[in-house]
Amino acid sequence: MALVLHNSLTRAKEPFEPLRDKEVGIYICGVTVWDKSHIGHAKSAVNFDVIVRYLRHRGYEVKHVTNFTDVDDKIIAKANELGTDPLKLSRSLIDEYFLDMDALKVRRADVYPKASETIPEIIAMVRGLVDKGYAYESKGSVYFSVHKAKEYGRLSGQSLDQMHAGARIEIGEDKRDPMDFALWKAAKPGEVSWDSPWGKGRPGWHIECSAMCLKHIGKTVDIHGGGTDLVFPHHENEILQSEAYNEAPFVRYWMHNGLLTIDQEKMSKSLKNFFTVSEVLQSYPPEVVRFFFLNASYRAPLEYNEKSLDEAKQALERLQNTYNAVQESLESASGEQDAKDLCDKTWRQIEDRMDDDFSTREAIAVMFDSAREANRMLSEGKLSKQGVRDIADLFSEFNKLFDVLRTKITRAVAIPQDTEEPLPDPESLTGKALSDADVDQWVRYRGIARRRKDFDYSDAIRKKLAELGIDVQDAQDGAVWKRR
RNA sequence: GCCGGGGUGACAGAGCGGCCAUGUGGCGGACUGCAGAUCCGCAAACACGAGUUCGAUUCUCGUCCCCGGCCCCA
């Protein structure tokens, strides 16, 4: 089956055909760094992280570009407020962004261009647009004239007439038309600025993305992504600029991710209804956060709350438990049965669902089905070593795309024959710095006690360990434990 | 107002013209000293009204409601 993706330009699913066979240029709008990233940004990053991973899995040579807007009104305002330099501020926020995204196991893009480092290209583009008559200079600023564009509103479905009908738009002093937008903004006294043919100034918001696409990918990019909130006017304007300048189609496929909401409202820095990535990661492991995002459709809005995160945690644990059990059995399996059919079928289905506009939600559902089957086979004890290995491989293949499972978080302990020696006092089980070997030893004592049917003792140990954050589970011929 | 997306079981959230979504939670059972994990089974849904159809949750039309975009924004 062919890879199909939803193109927001046509509002339909289309077969994916990159411009150059197996090479894919993908540009994702990054963040404007005037404050910490919140977990809505994380959703976008994780959604596209898996999309890029899957494209690579499918054999595409992907060049992934994500930008940083590091000069704009808000950054300048914030820097003034803090009494610091805007570029210094944005630099440190970019560092924090990377810390957050690394924690969330988001693979890095190939290039992270910054507006401040793309100035020559931006100026060249603005000048080109002026030369071609699409843009005009006014009091040191340069504006794109929307009436010069061939088509307006192709992406957002808005038409200029309707926009004019809106009474809220006021004519800016320097613009010829209220819908015209700034390509270059004249610097106010004391602001960060660069020299340009129109005097000192800085780039407008939309132009950087057009310039960066051209610089790092080319006239036409295969996939351009971002949040649905960027459709209008940001992406609309990018199309106008780029197509006017390049005289070539700008984007083959537009992909927009749904926004994270809180109480049904969009999470945003401006509304102040957000949680930062680091806040959330204090309460939930990164795998849970990723799973939460991926257990939904990237295109739909997603409601954020603790209950949903808890549920995601619970659900993910189910998958993790199976993965643990599989890994436990890698050595001990001694049966005849293989798992070829299960693994082949599951993987085929996962690719099938992912091919359908990256339906991570459904791919996960397939994994749950296979986990049930795997658990059943495992408990029957008939699997061969190869069979177990195949299932383990299936899980790690899945994890290469989703990155929501941990390799090994449990330890199996065999319970030896009773030596009849006295067991140590449970009271001596203390201390936070219990080594794995220490825990193994206590779990062994506990196992021996269970054989002696000294359940008071074994329950006491289990309770003690639980208090130290260690869960013990009894199995057929031993026990497994893990740190919470 | 204009543009766009939605309304699915207790909840989250897919999908499809007729066949099990999946997960959390609930109920019953198996296993177990207990617990946990796991397995088996059960209950539970398609906003409303009309139409198309042999048959619609899935298609069409209308109604109601929700959300996003239209200054910045993933």
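All chains are named by letter (A, B, ...) in the order of the sequence lines, taking the proteins before the strands, and each is independently numbered beginning at 1. Bear in mind the structure is a predicted one, so any value in this text is a computation, not a measurement.
- Between L319(A) atom CG and rU24(B) atom P there is a gap of 10 Å when expressed in whole angstrom units.
- Within the nucleic acid shown, T32(A) comes within 4.0 Å of sugar-phosphate atoms alone, with no base atom in reach, counting heavy atoms only.
- At whole-Å resolution of the value, CD in E311(A) and P in rA12(B) are 9 Å apart.
- Nearest-nucleotide mapping onto RNA chain B: of W205(A) and Q473(A), the residue sitting toward the 5' end is Q473(A).
- Looking at every heavy atom in both residues, L104(A) comes nearest to V277(A) through CD1-CG1, 3.9 Å.
- Residue contacts for V472(A): at a heavy-atom cut-off of 4.0 Å it reaches a base atom on one of the strands shown.
- Side-chain atoms of D459(A) come within donor-acceptor range of the base of rG33(B), with a qualifying N/O pair under 3.5 Å.
- What separates CD of E303(A) from P of rG23(B) is a distance of 23 Å, to the nearest Å.
- With rA37(B), rU24(B), rU22(B) as the candidates, the nucleotide lying closest to the side chain of A365(A) is rU22(B).
- To the nearest angstrom, P of rU32(B) lies 12 Å from CZ of F455(A).
- At a cut-off of 3.5 angstrom, the base of rC20(B) holds no donor-acceptor pair with the side chain of D369(A).
- Residues S44(A) and F291(A) both approach RNA chain B. Their nearest nucleotides, taken by heavy-atom distance, put F291(A) toward the 5′ side.
- Closest to the side chain of R11(A), out of rA14(B), rU24(B), rG4(B), is rG4(B).
- Looking at heavy-atom distances under 4.0 Å, K307(A) makes contact with sugar-phosphate atoms alone, never a base.
- Regarding E362(A), its CD atom lies at a distance of 13 Å from the P atom of rA21(B), rounded to whole Å.
- Across all strands shown, D229(A) has heavy atoms under 4.0 Å from base atoms, whether or not it also approaches the sugar-phosphate.
- With rG68(B), rA74(B), rU24(B) as the choices, the nucleotide that has an atom nearest any side-chain atom of H38(A) turns out to be rA74(B).
- When the C1' atom of rA35(B) is taken as reference, atom CD of E467(A) falls 15 Å away, rounded to whole Å.
- In terms of phosphate contacts, R376(A) brings no side-chain nitrogen or oxygen within less than 4.0 Å of OP1 or OP2 of rA37(B).
- In this structure rC27(B) sits in a base pair with rG41(B), meeting the Watson-Crick or G-U test at under 3.5 Å.
- Counting any heavy atom pair closer than 4.0 Å across all strands shown, R484(A) reaches no nucleic acid atom.
- Per the geometry, CG belonging to L155(A) stands 16 Å off P belonging to rC3(B), to the nearest Å.
- For the side chain to side chain donor-acceptor pair (under 3.5 Å) test with D357(A), the passing option among R299(A), H6(A), K13(A) is R299(A); the others fail.
- Contact between the side-chain N/O atoms of R361(A) and the OP1/OP2 oxygens of rG15(B) is not found at any separation under 4.0 Å.
- A donor N or O paired with an acceptor N or O is found under 3.5 Å between the base of rC34(B) and the side-chain atoms of R462(A).
- Salt bridge status for D49(A) with R53(A): present, with a side-chain N to carboxylate O gap under 4.0 Å.
- Proximity note for D474(A) (side chain, C-beta onward) versus rU24(B), rG33(B), rA74(B): the nearest is rG33(B).
- With salt bridges taken as basic N to acidic carboxylate O contacts below 4.0 Å, one links R411(A) and D440(A).
- Relative to the six-membered ring of F98(A), R108(A) meets both conditions, a distance below 6.0 Å and an angle of at most 45° to the axis.
- Between R462(A) and D459(A) there is a salt bridge, with a side-chain nitrogen of the basic residue lying less than 4.0 Å from a carboxylate oxygen of the acidic one.
- Phosphate proximity of rC39(B) to N375(A): present, with a side-chain N or O under 4.0 Å from OP1 or OP2.
- Electrostatic pairing of R376(A) and E373(A) counts as a salt bridge here, judged by a charged N lying under 4.0 Å from a carboxylate O.
- Contact annotation: S458(A) side-chain N/O to rC34(B) OP1/OP2 distance is not under 4.0 Å.
- Atom CG in L260(A) sits about 16 Å away from atom P in rC67(B), given to the nearest Å.
- Within the nucleic acid shown, D73(A) has no heavy atom closer than 4.0 Å to any nucleic acid atom.
- Residue side chain F232(A) fails the stacking definition with respect to rG69(B), as its ring centre and the base's six-membered ring centre are not both under 5.5 angstrom apart and under 30 degrees in plane angle.
- Across all strands, G30(A) comes closer than 4.0 Å only to sugar-phosphate atoms, never to a base (heavy-atom distances).
- If you check every strand for non-hydrogen atoms under 4.0 Å, L316(A) touches nothing.
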